[in-house]
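First up is the structure itself, then whatever we jot down about it.
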Amino acid sequence: MRKVHRKVVSFLSLWLLFEQAHSYLYDNRYAGDKVVRIVPENEEAVKTLKALSEQFKVDLWQPGSISYISKGAFVDVRVSRSTSKILLPYLQQANIQYTFLISDLQKAVEKQSGWRLSRNRRSLSEYSYEIYHSLEEIQRWMHHLNKSHSDLVHMFSVGKSYEGRPLFVLKLGKRSRVYKKAVWMDCGIHAREWIGPAFCQWFVKEVLQTYQTDPAMRRMLKQLYFYIMPIFNVDGYQFSWTHDRFWRKTRSNNSGFHCHGVDANRNWKVKWCDEGASIHPCDDTYCGPLPESEPEVKAVAHFLRKHRKQIKAYLSFHAYAQMLLYPYSYKYATIPNFSCVESAAFNAVNALQSVYGIRYRYGPASSTLYVSSGSSMDWAYKNGIPYAFAFELRDTGHFGFLLPETLIKPTCTETMLAVKNITMHLLKKCQ
Ligand SMILES: *[C@@H]1O[C@H](CO)[C@@H](O)[C@H](O)[C@H]1NC(C)=O
Ligand SMILES: *[C@@H]1O[C@H](CO)[C@@H](O)[C@H](O)[C@H]1NC(C)=O
Ligand SMILES: *[C@@H]1O[C@H](CO)[C@@H](O)[C@H](O)[C@H]1NC(C)=O
Ligand SMILES: *[C@@H]1O[C@H](CO)[C@@H](O)[C@H](O)[C@H]1NC(C)=O
Ligand SMILES: [Zn+2]
């Protein structure tokens with residue numbers, strides 16, 4: 001009896017030790033959470049689903065807002081364990097189809113765990129582009145490039161975030177006395193879309209590694225500047241590492257409300273706060289109290305306005321959907337110069353597909369994804385930047401925002417070809 005008792009005790013203490021050593025990421029807050037894909041097949045189901053999403057305040061992964069839920073189109077939602085216990089039987093009863101994309105979100109978050117290890121000790125010369133990096137690491141990497149490649153890289157700040165962090169941009173290109181056009185790229189407007197910042201870093205790496213050997217790259221750097229902002233929404237990105245992996249918005253205070261943040265892709269002064277944006281501060285597509293209320297948006301808008309004669313292309317990187325989008329976002333209408341932009345998109349998605357066969361859909365954002373007002377892409381276009389695009393990178397929902405680090409390389413490799421193709425298109429005269 002005593003012997004058995006002792007065995008149990010020692011087993012228990014071992015188990016406790018293990019539990020203590022294993023610290024959960026994000027305080028285990030996603031334990032039991034699920035990501036469910038729901039397809040409402042008729043108007044009745046759409047109505048039911050909208051009502052349920054409203055009531056339970058679920059986290060919509062795709063599409064970004066309840067108002068976008070429509071017949072026949074899938075809806076990816078994150079639901080807590082307790083909500084799923086009520087919601088899923090309800091869906092079954094209402095005969096609304098659903099499948100699990102992720103059945104244990106905490107496990108999925110922990111699995112994407114290369115980034116759990118502290119990488120601070122790694123030297124910058126062996127910086128890995130195939131893992132996700134924290135804000136601090138990315139900023140250190142930028143400072144390093146600014147020093148080690150001062151002939152080609154210039155790092156500067158366009159302003160400060162709500163929480164006071166600098167908004168760094170890298171300017172790439174051979175300094176030249178002649179006037180040069182420029183391409184603007186930003187990543188990480190939405191915090192949880194980590195593949196975006198990974199791509200911006202990948203792009204810089206590729207430029208620096210290939211401009212001496214690849215004639216196309218050499219030509220691009222000779223004739224153009226690239227402005228690259230690896231993390232637009234720095235406060236949100238930091239928050240997605242420390243508190244909530246699925247945070248999307250900025251981190252500003254909304255006076256009178258407990259919830260923080262504005263959707264930095266609904267805050268631009270172009271049909272601001274119209275269709276596809278929310279006036280409710282707690283919504284993920286909240287447009288803010290006024291256009292450019294967010295210091296991040298204001299700073300970038302100011303920079304783009306100042307350089308709008310020089311900047312010929314605006315590229316913004318999001319996830320996930322596998323799409324290449326161009327204006328308009330806010331209305332169903334064809335842009336002037338449609339054929340130039342359309343052929344650039346067509347060639348870019350073909351170039352992208354040539355690597356791994358991944359086929360991106362492309363077209364005006366309004367009809368290809370959904371209508372949204374106050375977006376950066378529409379704003380850039382309206383302010384005279386003729387080639388304005390938004391990429392929705394991999395995947396189409398299998399991993400969603402938790403795209404594994406093993407997919408950084410293929411995703412960035414194919415996207416790189418698309419970006420180069422658009423840039424080369426820019427250098428040619430479009431007929
Ligand atoms: C980048 O380097 C230049 C000159 O080497 C320096 O003047 C500038 O302050 C650096 N940028 C940042 C953000 O530190
Ligand atoms: C935001 O709100 C928090 C808590 O209400 C407060 O402590 C903080 O000072 C506010 N920040 C700013 C910049 O107003
Ligand atoms: C861009 O894509 C088109 C279509 O695939 C291709 O014909 C063209 O060679 C590509 N250009 C570059 C520079 O990659
Ligand atoms: C259309 O293209 C022409 C020639 O590239 C350019 O001058 C004009 O500004 C463009 N218009 C718009 C609305 O982008
Ligand atoms: Zn996004």
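Residue numbers run from 1 in the order of the sequence given. Both counts, for ligands and for their atoms, begin at 1 and track the order of listing. This structure is a prediction, so every number in the text was calculated from the model and none was measured.
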Got a donor-acceptor contact below 3.5 angstrom from the Lys160 side chain to the Arg165 backbone? no

Atom 9 (O) of ligand 1: any protein heavy atom closer than 4.0 Å: no

Going by a strict under-4.0 Å cutoff (protein heavy atoms only), does atom 14 (O) of ligand 1 have a neighbour on the protein? yes

Pair Ile311-Leu304, side chain to side chain contact (heavy atoms under 4.5 Å, CB included): steps then yes or no: CA-CA 8 Å; Ile311 296 174; Leu304 293 176; 3.7 Å; yes

For atom 11 (N) of ligand 2, closest protein heavy-atom neighbour: Asn253 ND2, 3.0 Å

Going by an N to O cut-off under 4.0 Å, is there a salt bridge joining Glu136 and Arg140? yes

Among all protein heavy atoms, pick out the one at the shortest distance from atom 12 (C) of ligand 2; state its residue, atom name and that distance to 0.1 Å. Tyr162 OH, 3.2 Å

I'd like to know if atom 5 (O) of ligand 1 has any protein heavy atom within a distance of less than 4.0 Å. no

For the Zn ion (ligand 5), which N, O or S atom of His318 is at the shortest distance? ND1

If you consider just the N/O/S atoms, which atom of His190 is the closest one to the Zn ion (ligand 5)? ND1

Ring geometry between Tyr127 and Trp141 (parallel below 30°, tilted from 30 to 60°, perpendicular above 60°): parallel

Tyr225 side chain to Trp184 side chain, donor-acceptor N/O pair below 3.5 angstrom: no

Counting backbone and side-chain atoms alike, does Glu193 have an N/O/S atom under 2.8 Å from the Zn ion (ligand 5)? yes

Trp194 and Trp241 aromatic ring geometry - parallel, tilted or perpendicular at 30°/60° bounds: parallel

Determine whether the side chain, the backbone, both or neither of Lys147 has a heavy atom under 4.0 Å from any heavy atom of ligand 1. neither

